[in-house]
Structure formats: structure tokens, C-alpha cells
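Okay, structure first, notes after.
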Amino acid sequence: MNQTKYVFVTGGVASSLGKGIISASLGNLLKARGFRVAIQKLDPYINVDPGTLNPYEHGECYVTEDGAETDLDLGHYERFLNDPTSMRNNVTTGKIYKSVIEKERRGDFLGKTVQVIPHITDEIQYWIKTLAKNGNYDFVITEIGGTVGDIESLPYIEAVRQMKWELDDRCVSIHLTLVPYLKAAGELKTKPTQHSVKTLLEQGLQPDIIVCRTELDLDNSIKRKIALFCNVSETAVIQSIDADTIYRVPLQMRDEGLDIEVLKKTKCTNYPEPDMKEWKDFLNRLDNPKHEVNVALVGKYTELKDAYKSILEAFTHAGATQLCNVNVHRISSELFEENNPEDLLAGMDAVLVAPGFGERGIEGKINTIKYVRENNIPFLGICLGMQCAVIEFARNVIGMKGAHSTEINPNAECPVIDIMEMQKKIAGLGGTMRLGNYDCHLIDGTVAHSVYNEDNIKERHRHRYEFNNDYKNDFLNKGMIFSGINEKDNLVEIIELPNHPWFVGVQFHPEYKSTVLSPHPLFVGFIKAAIENKNK
Ligand code: GLN
């Protein structure tokens with residue numbers, strides 16, 4: 001295909017309908033047909049990126065290889081497409097305005113009044129088209145965050161309207177809505193969808209395809225009604241019924257013909273059937289488990305599933321490789337400050353201590369790790385989880401009672417985790433951590449080396465603090481192993497305890513890299529250890 005086609009995905013009626021999953025599923029199907037596909041998310045909020053947001057706001061902050069802190073939907077794009085994303089795949093209103101204001105200050109607009117139309121809408125179009133140009137893609141799918149009718153999403157809808165006008169059948173717009181079931185009336189209701197499309201029409205955008213999220217099957221009369229009221233063909237009304245796993249959605253969308261509609265609307269012909277073999281194999285393994293394990297996820301955002309999105313998905317990918325159903329139990333680290341870990345962890349086959357920031361729950365994480373270390377329970381510590389394992393070992397094995405991280409206690413007597421040299425002069429909080437891919441050399445004969453089966457790896461980071469090398473010998477003398485090192489900056493990346501069945505802490509975030517077709521080796525190794533522990 002010589003010219004990139006653009007697919008826009010908007011949402012109406014309610015938030016959380018799953019625009020990200022629909023976008024990722026469509027991308028998955030188009031890629032399975034041999035097209036080159038990229039997906040991006042445009043977020044209408046004013047933060048420049050979600051890096052400074054509390055997970056309670058928008059869930060996990062996802063990190064790309066090139067070190068962008070992004071919306072968690074990019075995680076879905078990578079997990080469904082098995083291709084890395086970059087800073088170009090997530091743009092916010094903050095980023096758009098920042099760039100336009102910088103241009104204005106430089107004098108680029110030559111005395112003109114700078115306005116939402118055309119300057120902001122041009123900048124939005126620039127970010128859409130620049131992704132296409134950089135990757136030479138056949139399809140760029142652009143998901144617009146928020147819900148149609150929000151004041152802050154108006155410039156995005158306007159930019160899409162302009163692009164459709166300019167590029168015509170190289171553009172297609174998909175609108176995702178909700179068709180609720182009213183129990184008292186015993187009926188599925190189309191009115192919210194009609195209203196949502198009306199709002200879109202007021203803003204000048206006619207959707208080409210309507211995807212209807214529903215709990216029950218939509219019969220043909222309902223599809224016909226939506227088609228008639230919303231000016232789309234009946235085949236362009238696509239049902240998206242609740243699925244037991246998000247990974248079934250690409251197959252549902254294929255059965256409903258979503259990709260065919262997109263190809264039809266963009267005048268593509270002569271395309272191959274999608275090759276879904278590997279994807280179906282994965283689902284097959286997921287559906288037919290032979291094992292089951294219980295894993296505790298100890299962290300401070302336990303009420304909120306989205307805070308640990310990538311970790312939960314990585315467990316699903318790794319579990320499927322072992323035909324193992326992984327039940328993840330989120331347990332608040334604060335509970336371990338007052339209660340007996342033995343009671344809290346009863347029935348758990350393995351324990352993951354989560355990444356995080358700040359003081360809340362930290363002593364609970366340290367207590368958890370003491371218990372799993374002493375009781376030979378498989379342990380994976382990620383980022384702050386690894387740092388807590390270092391503090392625990394220092395206090396309880398080496399005997400450094402005053403061991404701590406200077407993030408929590410700047411005057412710690414033994415600062416075994418300390419701020420990185422390169423971080424000391426940085427003042428602002430946005431985008432200033434050690435972010436994205438860094439090299440890590442693995443030491444032969446370690447658990448890390450055996451699970452990766454490689455000498456050198458790259459993993460994604462998001463932290464300010466690190467293992468303090470001044471104490472390295474104290475740890476080595478008591479038997480801790482440093483199995484992964486960033487040689488360039490001499491930073492500890494992985495720690496292990498050899499006299500334990502499976503005890504690994506990583507300064508990086510393996511969960512960001514796990515996809516359906518490339519499950520992460522550390523998670524696979526961890527699940528194998530959990531199964532072994534259970535069968536013991
Ligand atoms: N708060 C720790 C640091 O900044 C760990 C960060 C994390 O877990 N992502 O180093």
C-alpha cells in the first residue's frame with residue numbers, strides 16, 4: 001500500500017468502554033492480514049504526560065523503550081501487536097499546547113493570532129501524520145481519549161473532521177458506544193447511541209462504523225435501528241459483547257467483520273485472510289489449564305486493578321505458556337505492618353512485591369520479604385520491590401539496623417538505596433527519572449541468566465534511586481548475588497539469593513515488555529517456581 005490510511009476511534013455514552021482494546025484488536029487483525037500498523041492515543045488532559053499522575057487518576061503509567069511515560073493503553077497496543085511503541089504514540093493536550101506556545105515564543109507564527117483553529121488542530125494533525133511518516137505504516141489507528149461531548153476533546157474531533165475532509169477515503173472513523181440492557185423493561189436500549197452520534201454530528205463528524213458495547217447479543221432489528229438513526233450501513237454496526245478475557249476480542253471483532261468494514265471503507269482490495277494461528281494457540285492454552293497457582297501481589301494500590309495493569313497481563317501471558325491458571329491476589333502492603341505475614345499469605349504459592357513511590361506501606365513490603373525469604377516462597381521484587389529486598393537483607397541478614405532508602409529517610413544511617421548521581425541536580429518531577437531502555441549484562445550461572453538464556457538484555461526503567469555500591473561487599477559476604485549489572489554506569493540491575501528456591505529482585509520493569517506472543521522470561525520463570533512450590 002503506498003499511502004497510509006487513518007482510522008480514528010472515538011467513544012460515547014460512557015468512559016471505560018474499552019476503546020483501547022477495540023483499537024488494539026483492530027490493529028491485531030490488520031497486522032494478521034499482513035499490513036503494517038501503528039496505534040496511538042491522543043489524551044485530552046492538560047498534563048504533558050501521565051508521569052506525574054497518581055495511579056488513582058488513570059491507572060498505571062506505562063513506559064516505552066525510548067523512555068516516554070505514557071497512557072496504559074499503549075501497553076495494550078504492544079501486547080496485542082507485539083511491536084514496541086514510542087513517545088510518538090501518546091500525545092496529550094499539554095504536549096500539544098506546550099509545543100504551540102514554544103513556537104509562538106520563538107516567533108514562528110510571524111505576528112499572527114495563535115488560535116485553537118488552525119494552530120492547535122494543525123499541531124494535532126502533525127502528531128497523527130508524523131507517526132505515519134516515521135514508520136511507513138499502512139494503517140495508523142488513532143484513539144481519542146475521553147468521551148464525545150467533553151469540552152476538552154473538541155479540538156481533537158475538529159482535527160479528525162478536517163483530516164477526513166482532506167483525505168477522504170483514506171480516513172475512517174469508528175465510534176464506540178454502549179447499548180445498555182434495562183432489566184425492568186427487558187430491553188436493550190439504542191437511544192444513548194443515537195444521542196452520542198448526534199453529538200458527534202453536531203461537531204461535524206459522521207462515524208463510518210459504530211461499535212456497540214453490550215452485555216447481550218444485539219439482534220438484527222437493533223442493528224437495523226442503529227444503522228438507520230446513525231446513517232451507517234447495517235454491516236457497519238458491530239457488536240462488542242462482554243468477553244471473559246480481553247484477548248478474545250480480536251476474534252470477536254473478526255467474526256463481526258470490523259476489519260473488513262475498515263478495509264471496505266478505505267477502498268482496500270486483494271488482502272489476505274488474517275493469520276491468527278499463534279493467537280488462537282495462546283487462547284487455547286489459556287482456556288485449558290492443567291495447573292493453578294495463587295500469587296500474592298503486595299503493593300499499595302490494591303483497590304485499583306489498573307494500577308498494576310501490565311503486571312496482571314504479564315501473569316496471564318506467562319501462565320498460558322505453562323498451562324497454568326494464575327490467580328493474582330492483590331494484598332495491601334500496609335496490612336503487613338500490623339498482621340502476621342503467615343496469615344496474610346496463607347495459600348499463596350509465590351509473592352510479587354510491587355513497584356511504587358513514597359513511604360506508605362514500605363515497612364509492610366519489608367516484612368513481607370522477610371517472611372518469603374525465611375520461608376522459601378518464590379519471590380519477585382520489581383523496582384521498589386527490589387529496593388525493599390535490599391533493605392530487608394541489610395537489616396535482618398547483615399545486621400544494619402539503620403538500613404533504608406534515602407527516598408524514605410534522607411538521613412538513613414545506612415543508605416543502602418540512594419539517589420542516583422545523575423538525579424541529584426534535577427529539580428522538576430515530570431519526565432526526569434531514569435526512564436526507558438538500558439543495557440543489563442547477566443552473570444553466568446545465575447537464575448537471571450538461565451531464564452533469559454542470554455548474556456545481554458535491555459529492559460525498561462522508571463526510578464530515581466538505586467543500589468548503593470558502597471555496601472556491595474557487605475551484601476556479597478552474606479551471600480546476595482548481583483546477577484545483572486549495567487556496566488556503563490556500574491548500576492545493580494538484578495539481585496538474587498542462591499540459597500533460596502527462587503528469589504529475584506529487578507530494578508527495571510519486566511512487565512512492560514511482556515506480550516501475548518512474547519511472554520516475559522522472568523514471569524515465566526517465576527510461574528514455574530510457583531508451580532514447583534505448590535507441588536512440593
Ligand atoms: N521509588 C523508587 C525510585 O524512584 C522506585 C520506583 C519504582 O518502583 N518504579 O527509585
Side-chain angles (χ1 to χ4, degrees), residues 49-56 58-65 67-70 72 75 297-302 304 306-312 314 330 332-333 351-366 368-369 379-392 394 403-410 412 415-438 440 459-469 471 484 486 489 491-495 504-514 520 522:
D49 64 42
T52 53
L53 287 173
N54 183 315
Y56 286 114
H58 288 274
E60 157 190 284
C61 171
Y62 187 77
V63 178
T64 57
E65 285 184 349
E69 297 177 281
T70 72
L72 59 76
L297 167 55
V298 178
K300 68 175 179 178
Y301 301 111
T302 44
L304 195 82
D306 277 0
Y308 301 117
K309 191 94 213 163
S310 294
I311 293 177
L312 299 178
R330 301 191 300 272
S332 164
S333 44
V351 173
L352 186 149
V353 174
F357 295 83
E359 183 169 15
R360 182 162 71 85
I362 203 117
E363 291 301 325
K365 286 184 173 171
I366 294 169
T368 308
I369 296 168
F379 164 77
L380 177 58
I382 298 183
C383 208
L384 183 62
M386 170 269 197
Q387 297 175 355
C388 287
V390 168
I391 298 165
E392 191 279 319
H404 219 323
S405 162
T406 52
E407 177 182 6
I408 316 298
N409 178 4
V416 288
I417 302 292
D418 198 7
I419 187 126
M420 279 181 282
E421 205 46 49
M422 50 184 131
Q423 287 286 331
K424 284 186 180 157
K425 291 183 282 292
I426 295 172
L429 286 187
T432 52
M433 280 183 259
R434 181 174 181 242
L435 288 164
N437 258 5
Y438 284 92
C440 172
E459 290 281 0
R460 300 182 205 178
H461 296 69
R462 184 174 186 245
H463 65 120
R464 283 196 178 85
Y465 295 81
E466 56 155 328
F467 180 85
N468 184 344
N469 284 328
Y471 293 95
N486 173 281
D489 292 313
L491 298 180
V492 169
E493 297 279 10
I494 312 180
I495 61 156
V504 178
V506 291
Q507 184 57 78
F508 49 79
H509 291 263
E511 70 274 22
Y512 293 144
K513 240 179 120 165
S514 185
H520 197 285
L522 272 171

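Just so you know, ligand 1 is whichever comes first in the structure, and atom 1 is the first atom listed for that ligand.
Atom CG of L297 is separated from atom CD1 of I311 by 5.5 Å, given to the nearest 0.5 angstrom.
Side-chain N/O atoms of H520 and E459 include a donor and acceptor closer than 3.5 Å. R434 and H463 share a donor-acceptor pair across their side chains, judged by distance under 3.5 Å alone.
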Could you go through ligand 1 and note, for every N or O atom, any protein N or O atom closer than 3.5 angstrom, writing the atom names and distance to 0.1 Å, or 'none'?
residue, atom, partner, partner atom, Å
ligand 1, 1 (N), G356, O, 3.0
ligand 1, 1 (N), E407, OE1, 2.7
ligand 1, 1 (N), E407, OE2, 3.1
ligand 1, 4 (O), R464, N, 3.0
ligand 1, 8 (O), G356, N, 2.9
ligand 1, 8 (O), G356, O, 3.3
ligand 1, 8 (O), L384, N, 3.0
ligand 1, 9 (N), R462, O, 2.9
ligand 1, 9 (N), H509, NE2, 3.2
ligand 1, 10 (O), Q387, NE2, 3.1
ligand 1, 10 (O), R464, N, 3.2
ligand 1, 10 (O), Y465, N, 2.9

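Taking 4.0 Å as the cut-off between side-chain N and carboxylate O, E69 and R462 count as a salt-bridged pair.
By the ring pair (Phe, Tyr, Trp, His ring centres under 6.0 Å) test, Y438 is found to be paired with H461, residues two or more places apart in sequence or in another chain being considered.
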If you apply the rule side chain to side chain donor-acceptor pair (under 3.5 Å), what do you find for R464 with T432, and how did you get there? CA-CA 8 Å; R464 283 196 178 85; T432 52; 3.1 Å; yes

